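In listed order, ligands and their atoms are each counted from 1. Sequential numbering from 1 along the given sequence is applied to the chain's residues. Quick caveat, the model's predicted, so the values are computed rather than measured.
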Amino acid sequence: MALVLSSWIFSVDVFVSFLLLISCGIVYGTETDILCLKNIKNSIQDPNNYLTSSWNFNNNTEGYICRFNGVECWHPDENRVLNLKLSNMGLKGQFPRGIINCSSLTGLDLSVNDFSGTIPEDISSLVAFVTSLDLSSNAFSGEIPVSLSNCTYLNTLKLNQNRLTGQIPARLGTLARIKTFDVSDNLLTGPVPNFTDGHATVNYANNQGLCGGSLGICKATSSSKSNTAVIAGAAVGAVTLAALGLGVVMFFFVRRAAYRKKEEDPEGNKWARSLKGTKGIKASYILMHHCT
Ligand SMILES: *[C@@H]1O[C@H](CO)[C@@H](O)[C@H](O)[C@H]1NC(C)=O
Ligand SMILES: *[C@@H]1O[C@H](CO)[C@@H](O)[C@H](O)[C@H]1NC(C)=O
Ligand SMILES: *[C@@H]1O[C@H](CO)[C@@H](O)[C@H](O)[C@H]1NC(C)=O
Ligand SMILES: *[C@@H]1O[C@H](CO)[C@@H](O)[C@H](O)[C@H]1NC(C)=O
């Protein structure tokens, strides 16, 4: 009896373990985290061999990637990447898209390297859950992607010391948890975002022309210039319309006067008939002269 019970407990145990194993495999996706690091290593240049010397994928013990340079795992014995800290390693190349397969990542630090090219448009689908994203002190160019506003867990966003151009997407203001927002030392222009929570520490120093918020009201920009153009255009239009209206009124007035004249003056009648077929404005002009 005891034997039967214990064997039953044993099989339940095995079954539960099996379930846990499956669910861990699905939820944690440690295989994809390994693939993530492999793709990153293959996609970037590492002239100082920081990764080459440490990121060895041949030793397949559980949690082996957690001992790689710059890799922090959720648990030291589980291949699930929590943070990737690759600061100041002399790394080169484009933003590593392979990061998409580190699906449990909460922090990415690529600061102080030689990364270049644009920040991917779809960055929010590559690092959806990061609370900290530091791309500072690289050579990233192009515009700040609006999709960063979809990284809703962001506490820290550092894009300073790059070559970013254009305007800062206003939608970044919707990042509700942002505490540090640094875009200093870039080539940005236009209004700064209006962070809804208002407690963010921001740094906008050394850009080409940022304004708004604490930086003061945005002065006449191209958009307000075009506003002026619209107003001027409308004024010209109104004057033209008024002149045209006046012309039409005058034409009918003069024509009525001519009609009245025609009844009492046969010569005028002849005049009016001779004008038949000529253009209205011209006719009114001539009639006006004739009548006065
Ligand atoms: C694999 O890594 C573990 C932990 O770092 C180490 O103890 C072991 O010697 C390594 N095995 C091989 C074959 O490199
Ligand atoms: C992510 O992993 C999948 C397999 O799980 C692979 O097909 C894909 O190429 C990887 N994505 C990137 C950007 O490396
Ligand atoms: C942000 O997320 C929403 C909802 O998932 C999606 O509809 C939208 O296209 C995303 N925007 C960007 C710029 O990625
Ligand atoms: C900024 O946000 C505050 C609070 O949400 C709002 O009252 C204010 O009008 C906004 N200012 C601009 C310039 O959008």
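Looking from atom 14 (O) of ligand 2 to the surrounding protein, the closest heavy atom is Asn39 ND2, 2.5 Å. Closest to atom 4 (C) of ligand 2 among all protein heavy atoms lies Leu35 CD2, 3.6 Å.
For ligand 2 and Asn101, the ligand atoms under 4.0 Å from any heavy atom of the residue are 1 (C), 2 (O), 3 (C), 8 (C), 10 (C), 11 (N), 12 (C), 14 (O). Every atom of ligand 2 is numbered from 1 in the order shown, and the set under 4.0 Å from a heavy atom of Gly98 is 13 (C), 14 (O).
Counting only heavy atoms, the protein gets under 4.0 Å from atom 2 (O) of ligand 2. There is a protein heavy atom closer than 4.0 angstrom to atom 11 (N) of ligand 3. At least one protein heavy atom sits closer than 4.0 Å to atom 8 (C) of ligand 3.
Of the candidates Leu148, Val146, Asn150, Asn150 brings a heavy atom nearest to atom 6 (C) of ligand 3.
Under the 3.5 Å distance criterion, with hydrogens and angles disregarded, no donor-acceptor pair is assigned to the side chains of Ser141 and Arg163. Between Ser111 and Ser87, the side chains place a donor N or O and an acceptor N or O closer than 3.5 Å (distance only, hydrogens not considered). Side-chain contact of Asp33 with Asn79: a donor-acceptor pair under 3.5 Å is absent, judged by distance alone.
Shown here for Leu159 and Asn162, the closest heavy-atom pair between the two residues is O-ND2, 3.0 Å. Of all heavy-atom pairs spanning Asn186 and Asn207, the tightest one is C-OD1, 2.9 Å.
Salt bridge Asp122/Arg97: present, at least one basic N to carboxylate O contact under 4.0 Å.
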